[in-house]
Amino acid sequence: MASRAAVPKTGSRTSPYYSRRFELLFLAAATLFAYVYYRDAYRLGFDWGDMGSYVQYVRDLTLGAKFGDAVGYGPLWYFLGVGVFRWWAVDFGAVLAVFQVVIFASAALIWLAARQASGNAIAAGIVFLCVLCVPPFYASAIRMLSLALFAYPLILLAKADDEQEFWPLAATAAAIGVNFALRPDFGYLYSAVLGILLILRAGQIGRGAGKRLGHLSKLTAISAAFILLALAPVVIHAALRGYLEAFLADLLSYPARLLFFLSHAGGLDDVIQDSSRKTASFLRILPLGALLHGTRAEREFAFLIYSTLAVMIVFGVNLAYRLIATPHRATENRLRLAILMIAATQWPGFALFRPDWVHFISFMHAYLILAACAALWLIRDLASATSHARLVRAAAVILIAAQMGLFVFYGVFVDASGWGTKQARRDSVFSGRNGVHQFVSADEKRLYTDISDLIEQNSRQWDRIVCVPYCAGFAFMTDRRILFKEHYVDDGTPLLYPGWIDRAIALTMEVRPPVVMVLDWAPNGTADSRFDVWAARYMDYIKRTYARSIQFGMGTAWIRDPASAMLERLESVVAYGPDKTLLGAPFNQQPTGESALWMKLSAPARIGTTILFDDRPLKTFVDGMAITALVPLEMLTAQGRHWVKVVNVNTGMTTHAVPFDVIAPPQAP
């Protein structure tokens, strides 16, 4: 039969026993490498955005919230976190550690998919190591897991003979069903991929149109049955726990949402040349010109973007030719189609929605399967090719090798979330509530401590607060709750959810959150994506009704009623210096000409702490319990006793005043 045509032989002639033994040893070595590589990785940095949103949603679910009380992905993804919290209690580090295990398991499944697709252990091993070295951003582990669950059974289905297709088809359909409960957008995309592959299978059986249609209907019915079977436990759970309507509404909303993202995809006119058009809601893909005129990092990233796209296009054109010219090689053609579609389904989520490195990694994990197979097939045919064809094939292999090498190098040593970069930047520890205990830089520790103090000093435990955009992790680390069900808001939010600003104002008026945190950040790289720009009407309401605003390193905190959360407290000045100086004589002189005064308190100083010199505020710098301030020279020209104290109007803290004497120089005899 046509469908029994052999897949190209790419494996070695080593006996199966030694080949299997080699693979087991490789897997053991890779596992050991992953343990050493990942051992402390989950504690490097504090992701207050994506992971902050995840753990905040999971925490709400453990406190009795229902699916749909916050906007997110499918319930199965969050139930993983609920299980972690019920086992370890609410612990940020425990979730990250479990995610690390999920990442490794997903990498192992991708290795199996590459092994099955290429038929070569070495090629699959290279893919495995690349994926291990550049894992996804933790909150992006869901994309890697979705891909890993689907890719392996799909490749098995593509290679299966007609009479042996039932179980691979059942496994592929079940993986899609799990994805509908895990990440519904991928459930729909993978359903389309499976449908295309089934159409090709039905078209290859070599019978009449009626037989082909009947075979396609049979395969479709089997697929639908196993998708529903895999989805059934979640549906039953939703019915028993009272969130079935929310689950079905969310599930059925994805086709419209996918069309929305496709219709509003930003930056497509920037692919060929730079554009002055404003791009709201979406980042812009790097233009081709970045290959020549961008920074080094932009050139590397642009090379990866456009070279991988070029390989996919050439692979697709070659596949189209093979489908027409070599229909008798049915199994090989199905396999190539499956490999191409696995990579292609990851491309739109990167290129059309978020063309940044974090999302590109997810595409590369899928693309690596295609790259390994393409390189292997090119190498296999080098000997039999003509001299010119051999040159082209060798160049293509070098290009693919360069892509893999650059991907690993960039992902490990250049990108801010890479292992090497994260190791080099984190030498302090920030501890918050709910198990937040992460290695951070000294600047990050100071910033997160200030934010924590602002929230905790002006609100109570479990109060609902506003934190926008993308910063639900600040509520989690202070044991507060988020007011808006949309943890992620940007300039695309009013487009996706019309009337959102009016509803946000009404909800804020009703609940009266004690703190509103607004980050000074443009998530999509444009002025229009700043919260105070696209949500100006909401900010106008906050400015009218909130009593005070406090600047911090990343934005502004708006406090509704400072007096209700603030209790005045007196701290002591443990030590300070100097306590006197000569008239007009600077001390500890700084490059600006000002003098530096230091003080040590009985308790740590926080954001908003200021040293007063005769009730005049000085420019103050805080580092725990030690405080320094700059004293202008003109303040040292008044002879006599002056008084210095420390205050914090944000927290109500004050100290007793201590003397500082400006004395006249001794008279000459």
Side-chain angles (χ1 to χ4, degrees), residues 61 66-68 72-83 102 105-106 108-110 112-113 116 141-202 205 213-255 257-258 334 337-338 341-342 345 366:
L61 289 172
K66 295 180 181 179
F67 176 78
Y73 297 120
L76 204 57
W77 180 236
Y78 298 97
F79 291 164
L80 172 64
V82 171
V102 169
S106 300
L109 284 174
I110 292 173
L112 286 175
Q116 191 65 227
I142 185 174
R143 289 197 287 268
M144 186 183 191
L145 178 60
S146 295
L147 166 68
L149 290 173
F150 177 70
Y152 180 57
L154 184 75
I155 290 171
L156 290 178
L157 175 62
K159 294 178 66 175
D161 292 334
D162 287 342
E163 289 78 15
Q164 299 175 343
E165 64 194 2
F166 178 82
W167 288 114
L169 176 59
T172 305
I176 293 174
V178 172
N179 267 297
F180 273 121
L182 190 69
R183 175 132 184 182
D185 52 343
F186 284 169
Y188 285 102
L189 290 174
Y190 292 157
S191 295
V193 168
L194 177 59
I196 293 171
L197 186 61
L198 294 185
I199 290 172
L200 179 59
R201 286 195 73 100
I205 62 175
L213 183 60
H215 190 58
L216 177 60
S217 300
K218 173 187 172 184
L219 298 179
T220 303
I222 294 171
S223 302
F226 277 92
I227 289 173
L228 293 175
L229 188 63
L231 197 55
V234 177
V235 173
I236 294 171
H237 186 272
L240 294 175
R241 295 299 179 92
Y243 65 91
L244 180 60
E245 183 178 352
F247 171 62
L248 293 178
D250 179 72
L251 188 64
L252 297 176
S253 71
Y254 272 87
R257 289 163 70 175
L258 289 170
R334 287 199 307 269
L337 176 63
M341 289 193 296
I342 287 169
T345 53

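This one's a predicted model, so the numbers in the text were calculated from it and none came from an experiment.
Minimum interatomic distance between Ala174 and Ala230 (heavy atoms only, all atoms of both residues): O-CB, 3.4 Å. Minimum heavy-atom separation, Ala113 to Ile155: O-CD1, 3.4 Å. The two atoms that bring Leu154 and Leu197 nearest to each other are CD1-CD2, 3.6 Å, heavy atoms only. Nearest heavy atom pair, residue Ala246 against residue Phe67, reads CB-O, 3.6 Å. Taking all atoms of both residues into account, the shortest heavy-atom contact from Gly72 to Tyr78 is CA-OH, 3.2 Å.
Phe79 pairs by the ring pair (Phe, Tyr, Trp, His ring centres under 6.0 Å) definition with His237, not counting sequence neighbours. Leu109 pairs by the side chain to side chain contact (heavy atoms under 4.5 Å, CB included) definition with Leu112, Ala148, Leu149, not counting sequence neighbours. Listed by chain and residue number, nothing satisfies the side-chain hydrogen bond (donor to acceptor under 3.5 Å, both in side chains) test with Tyr188 (two or more places apart in sequence, or in another chain). Listed by chain and number, the residues in a side-chain hydrogen bond (donor to acceptor under 3.5 Å, both in side chains) with Arg241 amount to none (sequence neighbours excluded). Under the side-chain hydrogen bond (donor to acceptor under 3.5 Å, both in side chains) criterion, Gln116 pairs with Lys159, sequence neighbours left out. Shown here are the ring pair (Phe, Tyr, Trp, His ring centres under 6.0 Å) partners of Tyr254, two or more places apart in sequence or in another chain: there are none. Legend: residues meeting ring pair (Phe, Tyr, Trp, His ring centres under 6.0 Å) with Tyr152, ordered by chain and number and at least two apart, are absent. Remark: Ser106 engages no residue in a side-chain hydrogen bond (donor to acceptor under 3.5 Å, both in side chains) (not counting sequence neighbours).
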Can you check side chain to side chain contact (heavy atoms under 4.5 Å, CB included) on Leu169 and Leu198, steps first, answer last?
-> CA-CA 9 Å; Leu169 176 59; Leu198 294 185; 3.9 Å; yes
Stepwise side chain to side chain contact (heavy atoms under 4.5 Å, CB included) check, Phe150 with Ile176 = CA-CA 7 Å; Phe150 177 70; Ile176 293 174; 3.8 Å; yes
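The closest donor-acceptor contact from the side chain of Arg334 to the backbone of Leu157 lies at 3.5 Å or more, if one exists at all. When atom types are taken as modelled, the side chain of Arg201 and the backbone of Glu165 share no donor-acceptor pair closer than 3.5 angstrom. With Tyr190 contributing its side chain and Gly177 its backbone, the two residues share no donor-acceptor pair below 3.5 Å.
Side chains of Leu189 and Val193 form no contact here, defined as non-hydrogen atoms less than 4.5 Å apart.
Between Trp167 atom CH2 and Leu156 atom CG the span is 14.0 Å, to the nearest 0.5 Å. Distance check: Ile342 CD1 to Leu337 CG gives 9.5 Å after rounding to the nearest 0.5 Å. Taking CG of Leu145 as the reference point, atom CG of Asn179 lies at 7.5 Å (rounded to 0.5 Å). Residue Phe180 holds its CZ atom at 13.5 Å from CG of Leu76, rounded to the nearest 0.5 Å. The distance from atom CG of Leu216 to atom CD1 of Ile199, rounded to the nearest 0.5 Å, is 6.0 Å.
Pairs of residues two or more places apart, or lying in two chains, never qualify as salt bridge (charged side-chain N to carboxylate O under 4.0 Å, His left out) while including a residue from residues 72-82. For residues 245-254, the pairs satisfying salt bridge (charged side-chain N to carboxylate O under 4.0 Å, His left out) are Asp250-Arg257, with sequence neighbours left out. Applying the salt bridge (charged side-chain N to carboxylate O under 4.0 Å, His left out) test to residues at least two apart or on different chains, the pairs with a partner in residues 183-200 are Arg183-Asp185. Sorted pairs that involve residues 217-227 and meet side-chain hydrogen bond (donor to acceptor under 3.5 Å, both in side chains), not counting sequence neighbours, are lacking altogether.
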